[in-house]
Amino acid sequence: MSEHAARKAPPPTPRRDAFHLTSCAPAAWQDQSTALGLTDVIYRTAPEEGIAKLSINRPSLRNAFRPTTIRELKRCLALAQDDLKIGVIILTGEGDEAFCSGGDQSVRGEGGYDDGSEEAPRLTVLDLQVQMRRCPKPIIAMVAGYAIGGGHILHMLCDLTICAENAVFGQTGPRVGSFDAGYGSSHMARLVGQKKAREIWFLCRFYSAHEAQDMGLVNTVVPLASLEGETLKWCRRIMENSPTAIACCKAALNADEDGAAGIMELAGNATRLFYLSEEGKEGRNAFLQKRKPAFRALSTEMKSCAAKRCNRQVSSCCVFLGLCIR
Ligand SMILES: CC(C)(COP(=O)(O)OP(=O)(O)OC[C@H]1O[C@@H](n2cnc3c(N)ncnc32)[C@H](O)[C@@H]1OP(=O)(O)O)[C@@H](O)C(=O)NCCC(=O)NCCSC(=O)CCC(=O)c1ccccc1C(=O)O
């Protein structure tokens with residue numbers, strides 16, 4: 001085997017990781033689009049499996065988005081986020097030609113995109129980007145064909161990207177008089193590094209699926225015919241794991257890039273978990289019962305020393321803080 005081929009060969013799957021046994025079978029999708037009155041997006045769910053699929057439905061325009069598309073994507077993402085049965089969300093485009101070719105240039109007006117459906121034309125895709133970052137559930141981009149411009153940024157903002165061999169990635173902003181100075185720049189640089197990010201933006205070249213994988217833009221490349229099966233396999237594996245741990249991992253991985261808003265997401269998870277604790281509930285109960293809270297008297301008889309430094313019984317607060325009061 002040549003040195004190059006050896007470098008390219010996928011590492012053997014460790015035997016104790018049964019990922020290769022996870023099913024690639026088609027999902028039993030339920031199409032919710034008609035009930036929701038959608039025109040630009042198809043919203044499907046497989047509730048038994050906990051998977052939702054949002055698909056941009058403008059294939060004749062390579063799935064370019066207009067304000068209506070973004071509004072529908074935001075609505076469907078909110079539905080998937082709030083649906084307790086859903087644990088993982090796929091974002092894709094209808095057809096094999098394109099994931100998304102970015103903003104629909106035919107409705108690009110003076111101050112933003114304007115298809116007559118919004119009061120004030122603006123760049124509503126930025127709201128969708130923030131919503132994707134804040135969604136506690138993993139979002140997987142399933143990319144066939146072109147992911148270009150604002151469409152490329154949407155795939156980058158997904159937590160994972162599974163793409164077909166026919167996928168093509170790139171920015172065209174500086175060619176068409178646009179740029180994304182937000183996540184489209186900072187997050188790209190985190191994914192591919194500063195030099196490569198400058199190359200992508202300054203040259204507006206297109207990159208193949210394997211080039212994108214080598215740059216760290218995508219997680220895996222599969223034959224087009226296997227794209228949905230492989231994506232479902234990743235979804236099913238995620239669904240086997242702890243949703244709270246995954247939500248906290250996502251918030252943690254976003255936190256440093258998202259500043260105070262990122263820390264807030266992570267900290268919100270900590271507060272929610274604290275609400276579930278005896279100590280958290282005691283504060284609420286004491287207020288409602290108009291008495292002084294007895295935080296330190298809680299659970300002393302129930303918990304043994306987590307630090308295993310003594311055989312004493314300690315309060316839940318000491319267990320959490322790792323304190324051992326001798
Ligand atoms: C994607 C292509 C490379 C595909 O090429 P090809 O397969 O040969 O197909 P075509 O014949 O070109 O296209 C078929 C048909 O679709 C129309 N079309 C394709 N893309 C668009 C589009 N983006 N807008 C409108 N129409 C589109 C095309 O005109 C054809 O129509 P016909 O009537 O049949 O002729 C190629 O299509 C291509 O290069 N497309 C343009 C890609 C592009 O430049 N996109 C816009 C980039 S800028 C952007 O997305 C900004 C987005 C935004 O809102 C934003 C703003 C500010 C900050 C951040 C953002 C953000 O993050 O998104």
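Counting starts at 1 for both ligands and their atoms, in listed order. Positions are given from 1, in the same order as the sequence printed here.
- The closest approach between any non-hydrogen atom of Ser60 and ligand 1 is below 4.0 Å.
- At a heavy-atom distance under 4.0 Å, only backbone atoms of Phe179 (N, CA, C or O) approach ligand 1.
- Considering only non-hydrogen protein atoms, atom 61 (C) of ligand 1 sits nearest to Val125 CG1, 3.5 Å.
- Neither side chain, Asn219 nor Thr161, offers a donor N or O lying under 3.5 Å from an acceptor on the other.
- Ranking protein heavy atoms by distance to atom 43 (C) of ligand 1, first place goes to Thr172 OG1, 3.1 Å.
- Less than 4.0 angstrom separates some heavy atom of Leu126 from each of these atoms of ligand 1: 59 (C).
- In this structure, atom 28 (C) of ligand 1 has no protein heavy-atom contact shorter than 4.0 Å.
- At a threshold of 4.0 Å, the pair Glu282-Arg291 counts as salt-bridged, since one of the basic side-chain nitrogens sits closer than that to a carboxylate oxygen.
- Nearest heavy atom pair, residue Cys204 against residue Pro174, reads SG-CD, 3.5 Å.
- Taking 4.5 Å as the limit, every side-chain heavy atom of Glu230 sits out of range of all side-chain heavy atoms of Met142.
- The 12-atom threshold is exceeded at CD of Glu240, counting heavy atoms of other residues, nucleotides or ligands nearer than 6.0 Å.
- At a distance under 4.0 Å, a protein heavy atom can be found next to atom 52 (C) of ligand 1.
- Under the 3.5 Å distance criterion, the side-chain polar atoms of Asp104 are left unmatched by any main-chain donor or acceptor of Phe65.
- Glu49 and Trp29 share no donor-acceptor pair across their side chains, judged by distance under 3.5 Å alone.
- With hydrogens and angles ignored, the 3.5 Å screen pairs no side-chain donor or acceptor of Thr172 with any backbone N or O of Arg175.
- Under the 4.0 angstrom criterion, atom 12 (O) of ligand 1 counts as lacking any protein heavy-atom contact.
- Close approach to Gly102 involves these atoms of ligand 1, each under 4.0 Å from a residue heavy atom: 50 (O).
- Nearest-heavy-atom check against atom 41 (C) of ligand 1 across Ser101, Pro174, Gly145 picks out Ser101.
- Checking atom 7 (O) of ligand 1 against the protein gives a heavy-atom contact under 4.0 Å.
- Of all heavy-atom pairs spanning Met132 and Leu154, the tightest one is CE-O, 3.4 Å.
- Shortest contact from atom 17 (C) of ligand 1 to any protein heavy atom: Leu61 CD2, 3.9 Å.
- At least one heavy atom of Tyr113 lies less than 4.0 angstrom from ligand 1.
- Scanning Arg58, Gln129, Glu97, Gln105 for the heavy atom closest to atom 46 (C) of ligand 1 points to Gln105.
- Surrounding CG of Leu276 are more than 12 heavy atoms belonging to other residues, nucleotides or ligands, all under 6.0 Å away.
- Using a 3.5 Å distance cut-off with no hydrogens or angles, the side chains of Asp258 and Tyr183 do pair a donor with an acceptor.
- For ligand 1 and Phe65, the ligand atoms under 4.0 Å from any heavy atom of the residue are 52 (C), 54 (O), 63 (O).
- What sits closest to atom 37 (O) of ligand 1 on the protein, heavy atoms only, is Arg62 CG, 4.2 Å.
- Atom 24 (N) of ligand 1 is flagged as protein-proximal [any protein heavy atom, distance under 4.0 Å].
- Every atom of ligand 1 with a heavy atom of Gly103 under 4.0 Å away is listed here by number and element: 22 (C), 23 (N), 24 (N), 46 (C), 49 (C), 50 (O), 52 (C).
- Counting protein heavy atoms only, atom 56 (C) of ligand 1 is closest to Leu123 CD2, 3.7 Å.
- With ligand atoms numbered from 1 in the order given, ligand 1 contributes 42 (C) to contacts under 4.0 Å with heavy atoms of Ile148.
- Ligand 1 lies within reach of Ser178, whose nearest heavy atom is under 4.0 Å from it.
- For His152 and Phe99, the ring centers sit 6.0 Å or farther from each other.
- When non-hydrogen atoms are compared, ligand 1 lies under 4.0 Å from neither the backbone nor the side chain of Gln171.
- For the ligand labelled ligand 1, residue Leu154 lies outside the 4.0 Å heavy-atom shell.
- Residue-ligand proximity, Phe206 to ligand 1, at heavy-atom distances under 4.0 Å covers atoms 3 (C).
- Here the side chain of Lys250 pairs a donor or acceptor atom with the backbone of Cys135 at under 3.5 angstrom.
- Tyr43 does not carry Lys53 over the face of its six-membered ring by the limits of under 6.0 Å from the centre and within 45° of the normal.
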